[in-house]
Amino acid sequence: MDKQEKIIEMFNSIAPSYDRANRILSLGIDIAWRKDACKKALSMQQNKHLKIADIACGTGDMILHWEQYKDTKEIEYFGIDPSKGMLEVAKEKLKDLLENNRAKIFIGQAQNLEMLEDESMDIVSIAYGIRNVVGLDEALSEFARVLKPQGLLVILEFTKKEQKGLMDKMMGFYTKKILPFIGGIISRNYKAYAYLPDSIDGFLSNKDLIEKIENNGLKIKMLKSYSANISTLFIATKE
């Protein structure tokens with residue numbers, strides 16, 4: 001089993017408790033980050049009829065937030081994730097959208113979005129999933145392929161800090177010592193939550209991620225950090 005398959009199996013195993021663990025471990029603050037990302041991106045999109053692909057959609061949280069802030073826009077959603085377990089939860093949460101043919105769910109990986117046509121999406125989003133993608137350049141190339149000209153790529157992620165201040169050290173202690181313990185109790189899978197700090201430490205800095213995004217034909221339009229740089233929002237356009 002390769003690295004990507006191991007990550008997918010890990011998410012399958014924690015899917016039933018994933019939402020509960022997330023809310024407890026983040027004290028719900030991740031919801032505010034997601035909502036702000038949706039509001040900012042939608043304010044940058046003038047079209048009234050949008051197609052949004054949420055990659056690594058997990059249990060469907062981001063799609064629900066897009067829907068919450070759509071205002072007068074009419075949106076069709078495409079949720080894509082490699083984990084069957086996570087998508088089973090998403091199908092329940094997105095039941096109304098699915099039954100009204102306003103959302104579609106696919107099993108798939110960011111590196112191969114074969115279910116999406118060239119230049120068909122107004123927005124591609126991926127929230128806290130891009131660091132779990134093995135083959136980042138392939139994924140970014142796919143995002144650029146499926147985006148319409150002037151379409152938006154919206155990324156929320158925990159990135160590696162080049163210089164660590166006091167807050168970063170405190171967060172490091174929390175993610176390495178406390179988070180795996182609590183997450184392990186909730187999910188009964190300590191290894192899955194021990195993986196989180198390792199995945200952040202093994203990921204890119206903001207600077208390196210921006211470079212990769214722009215090397216794949218996209219231009220950064222907004223960069224915003226949340227809660228003392230714990231989380232970062234990247235919004236890029238397809239030029």
Side chains of Lys148 and Ser120: donor-acceptor distance under 3.5 Å anywhere?
no
Under the salt bridge (Lys or Arg N to Asp or Glu O under 4.0 Å) rule, what pairs show up with a residue in residues 125-136, not counting sequence neighbours?
Arg131-Glu157
Kindly state each residue pair satisfying ring-ring contact (aromatic ring centres under 6.0 Å, His included) with at least one member in residues 111-143, sequence neighbours excluded.
Tyr128-Phe158
Restricting to side chain to side chain contact (heavy atoms under 4.5 Å, CB included), what partner residues turn up for Glu239, sequence neighbours left out?
Lys219, Lys221, Thr237
Under 3.5 Å donor-acceptor pairs involving side-chain atoms of residues 104-111, not counting sequence neighbours:
residue: Gln111; atom: NE2; partner: Gln4; partner atom: OE1; Å: 3.0
residue: Gln111; atom: NE2; partner: Val134; partner atom: O; Å: 2.5

How would you list, by chain and number, every residue that makes a side chain to side chain donor-acceptor pair (under 3.5 Å) with Glu67, sequence neighbours excluded?
Tyr77, Arg102
Ala41: side chain to side chain contact (heavy atoms under 4.5 Å, CB included) partners, not counting sequence neighbours:
Trp66, Leu152, Val154, Ile235
What verdict does the side chain to side chain contact (heavy atoms under 4.5 Å, CB included) test give for Tyr226 and Ile29, after you've listed the backbone C-alpha separation in whole Å, the side-chain angles of each residue and the deciding distance to 0.1 Å?
CA-CA 10 Å; Tyr226 298 102; Ile29 197 169; over 6 Å; no
Taking side chain to side chain donor-acceptor pair (under 3.5 Å) as the definition, give me every residue that meets it alongside Arg34, ordered by chain and number, with sequence neighbours left out.
Asp30
Please list, chain by chain and in numerical order, all residues satisfying side chain to side chain contact (heavy atoms under 4.5 Å, CB included) with Glu99, sequence neighbours excluded.
Lys95, Asp96
What pairs of residues pass the salt bridge (Lys or Arg N to Asp or Glu O under 4.0 Å) test when at least one of them lies in residues 39-50, not counting sequence neighbours?
Asp36-Lys40
Does Asn216 have any side chain to side chain contact (heavy atoms under 4.5 Å, CB included) partners at least two apart in sequence or in another chain, and if so, which?
Asp137, Leu140, Ser141
Under the salt bridge (Lys or Arg N to Asp or Glu O under 4.0 Å) rule, what do Arg145 and Glu119 come out as? Steps first, then yes or no, please.
CA-CA 6 Å; Arg145 177 184 69 80; Glu119 299 190 347; over 6 Å; no
Applying ring-ring contact (aromatic ring centres under 6.0 Å, His included), name anything that partners Tyr18, two or more places apart in sequence or on another chain.
none
Got a sec, which residues hit side chain to side chain donor-acceptor pair (under 3.5 Å) with Lys70, two or more places apart in sequence or on another chain?
none
